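Before any comments, here is the structure.
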2 protein chains.
Amino acid sequence: MHDPNQDKFERSCCPVANVLDLLGDKWTLLVVRDLVLGKSRFGEFSESPEAIPTNILADRLKRLEQSGIVMKAPYCRRPLRYEYELTERGRDLIPVLESMVVWAGKHLPGTQVFARYVRPVQDGSGG
Amino acid sequence: MHDPNQDKFERSCCPVANVLDLLGDKWTLLVVRDLVLGKSRFGEFSESPEAIPTNILADRLKRLEQSGIVMKAPYCRRPLRYEYELTERGRDLIPVLESMVVWAGKHLPGTQVFARYVRPVQDGSGG
DNA sequence: CAAGTAACTTGCAAAAAGCAAGTAATATGA
DNA sequence: TCATATTACTTGCTTTTTGCAAGTTACTTG
């Protein structure tokens, strides 16, 4: 009389619907993009040209961690600071990003894939 | 002094960002999914198990039309009624949906791709 | 001990989503 | 002819989410 598969999922058992429940907004996949490009810190995501608000960024990182797409790990004690990295689950999203890039390449002229991010070396010199 | 490429785009020239500006929410790609599966009428989209609210559906169809992903065409005069179909731009989104299905197949157990939709034949019999 | 840095958090206004009911233009049947 | 049904929306209102600016925490550096 009812589908027992249905109650396990928020909206339906459709794979697309369930991916959208995790990633379906204007910001989440941009954070994944930044991670793929080599960024890993809050401030680095925050500096991307789309200028994600910091409260939204904090929320999205938390959700990505909860859904196992991202892992949080300390990179510095005193003061305690965390950085983020993609899990396998997260890296497996690369084909989704790539298919979007292909579509944009054909239908959104002028778009350009961003270069890989390299963290600037901290200036250790005194002069 | 400034990037002339930047002002052509809402948030940045990143292909992913621009795809998300068109499709980045919980509903738009579900309408595209329904179109791919063979649905074409307002009522058909509306009956999908995710139960999109009708005002949201009307809004998304309008945006998809404005962005050239969907075309609206009359299928009945008296009363005038329209149906929707994917353009080439829209059909080119199939790989994006497919990559999501692949990811879900690996990471979201229990999800199942929906069957192609076939419109029920109208009952022409009198008994 | 003041100022700076990184990573958030908070408060509030504005925008978007969600829900239920309503409307328009017919077709159908009594 | 008139009530009922169908299809495709639209409207009004409440709730939720977003976006912006400012504040906080825990330090380090000069």
Side-chain angles (χ1 to χ4, degrees), chain A residues 10-11 17 20-31 34-35 39-66 70-85 119-127, chain B residues 10-12 17 20-31 34-35 39-65 70-85 119-127:
Chain A
E10 281 193 44
R11 295 192 294 179
L20 293 178
D21 285 337
L22 296 177
L23 309 172
D25 68 13
K26 294 212 181 307
W27 295 112
T28 306
L29 279 176
L30 290 186
V31 176
D34 280 353
L35 285 157
K39 293 187 174 187
S40 63
R41 299 186 184 170
F42 194 96
E44 290 168 347
F45 304 134
S46 182
E47 282 162 14
S48 287
E50 296 86 7
I52 184 172
T54 56
N55 56 337
I56 306 287
L57 174 57
D59 176 80
R60 294 306 187 274
L61 286 169
K62 188 167 59 181
R63 287 168 191 255
L64 284 169
E65 205 196 338
Q66 285 167 352
V70 151
M71 264 197 66
K72 193 179 182 176
Y75 71 91
C76 170
R77 351 187 151 94
R78 316 194 49 81
L80 182 54
R81 299 249 161 88
Y82 294 95
E83 65 185 353
Y84 300 87
E85 57 174 320
R119 183 170 305 129
V121 292
Q122 75 275 38
D123 186 353
S125 84
Chain B
E10 281 192 43
R11 296 192 291 178
S12 78
L20 294 178
D21 285 337
L22 296 177
L23 308 171
D25 69 13
K26 293 213 180 310
W27 294 113
T28 306
L29 279 176
L30 291 185
V31 176
D34 280 355
L35 285 157
K39 294 187 175 187
S40 63
R41 298 185 186 172
F42 193 95
E44 291 168 346
F45 305 134
S46 183
E47 282 161 13
S48 287
E50 296 86 7
I52 184 170
T54 57
N55 56 337
I56 305 288
L57 175 57
D59 175 78
R60 294 307 186 274
L61 286 169
K62 189 167 58 181
R63 286 168 192 254
L64 283 169
E65 205 196 340
V70 152
M71 263 197 67
K72 192 179 184 175
Y75 71 91
C76 170
R77 353 187 149 93
R78 316 196 50 79
L80 182 54
R81 300 251 159 87
Y82 295 95
E83 65 185 354
Y84 300 87
E85 57 174 320
R119 184 170 305 128
V121 292
Q122 74 278 39
D123 186 355
S125 85

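These figures come from a predicted structure and were not determined experimentally. Naming: A, B, ... by sequence-line order, numbering from 1 per chain.
- Rounded to whole angstrom, the span from the CG atom of A:Leu57 across to the P atom of C:dA7 amounts to 10 Å.
- The side chain to side chain contact (heavy atoms under 4.5 Å, CB included) test applied to A:Asp59 returns A:Arg63, not counting sequence neighbours.
- The side chain to side chain contact (heavy atoms under 4.5 Å, CB included) test applied to A:Leu22 returns A:Ser67, B:Trp103, B:Leu108, not counting sequence neighbours.
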Can you name the atoms? Protein N/O to nucleotides 14-16 of chain D N/O, anything below 3.5 Å, with the distance.
none

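- In this structure, CZ of A:Phe42 is placed 17 Å from P of D:dA26, rounded to the nearest angstrom.
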Identify the pairs formed between an N or O of the protein and an N or O of nucleotides 18-22 of chain D at a distance under 3.5 Å, and give each distance.
{"from": "D:dT18", "atom 1": "OP1", "to": "A:Arg60", "atom 2": "NH2", "distance (Å)": "2.7"}
{"from": "D:dT18", "atom 1": "OP2", "to": "A:Arg60", "atom 2": "NH2", "distance (Å)": "3.3"}
{"from": "D:dG19", "atom 1": "OP2", "to": "A:Trp27", "atom 2": "NE1", "distance (Å)": "2.5"}
{"from": "D:dG19", "atom 1": "N7", "to": "A:Asn55", "atom 2": "ND2", "distance (Å)": "3.2"}
{"from": "D:dC20", "atom 1": "N4", "to": "A:Asn55", "atom 2": "OD1", "distance (Å)": "3.4"}
{"from": "D:dC20", "atom 1": "N4", "to": "A:Asn55", "atom 2": "ND2", "distance (Å)": "2.7"}

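- The minimum heavy-atom distance between B:Ile52 and B:Phe45, with the atom names listed, is CG2-O, 4.1 Å.
- In this structure, B:Asp21 places its CG atom 15 Å from C1' of C:dA16, rounding to the nearest Å.
- Among residues two or more places apart in sequence or in another chain, the salt bridge (charged side-chain N to carboxylate O under 4.0 Å, His left out) test is passed with B:Arg119 by B:Glu44.
- The separation between A:Arg41 atom CZ and C:dA7 atom P is 7 Å, rounded to whole Å.
- Contact annotation: B:Tyr75 reaches the phosphate of D:dA8 (side-chain N/O to OP1 or OP2, under 4.0 Å).
- Under the salt bridge (charged side-chain N to carboxylate O under 4.0 Å, His left out) criterion, B:Glu83 pairs with B:Arg41, sequence neighbours left out.
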Shorter than 3.5 Å, N or O on both sides, protein versus nucleotides 22-27 of chain C: list them out with atom names.
{"from": "C:dA27", "atom 1": "OP1", "to": "B:Arg78", "atom 2": "O", "distance (Å)": "3.1"}

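- Residues meeting the side chain to side chain contact (heavy atoms under 4.5 Å, CB included) test with B:Pro120, sequence neighbours left out: B:Tyr117.
- Whole-Å rounding puts the A:Lys62 NZ to D:dT17 P distance at 12 Å.
- Between the CZ atom of A:Arg11 and the P atom of C:dA17 there is a distance of 12 Å, given to the nearest Å.
- When the side chain to side chain contact (heavy atoms under 4.5 Å, CB included) test is applied to A:Lys62, the partners found at least two apart in sequence or on another chain are A:Gln66.
- Listed by first and then second residue, the side chain to side chain donor-acceptor pair (under 3.5 Å) pairs involving residues 45-57 of chain A are A:Arg33-A:Glu50, A:Asp34-A:Ser48, A:Lys39-A:Ser48, A:Glu50-B:Ser12 (not counting sequence neighbours).
- Rounded to an integer number of Å, the gap from A:Glu65 CD to C:dC8 C1' is 14 Å.
- When both distances must be under 3.5 Å, the Watson-Crick or G-U wobble mate of D:dG30 is C:dC1.
- With respect to B:Asp25 and A:Lys26, no salt bridge is recorded, no charged nitrogen being found less than 4.0 Å from a carboxylate O.
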Name the atoms and distances for all side-chain donor-acceptor pairs under 3.5 Å in residues 70-77 of chain A, with sequence neighbours left out.
none

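- Applying the 4.0 Å criterion to OP1 and OP2 of D:dC9, one finds that B:Tyr84 has a side-chain N or O inside that range.
- Spacing between atom CD of A:Glu44 and atom P of C:dA6 amounts to 10 Å, rounded to whole angstrom units.
- When the salt bridge (charged side-chain N to carboxylate O under 4.0 Å, His left out) test is applied to B:Arg81, no partner is found at least two apart in sequence or on another chain.
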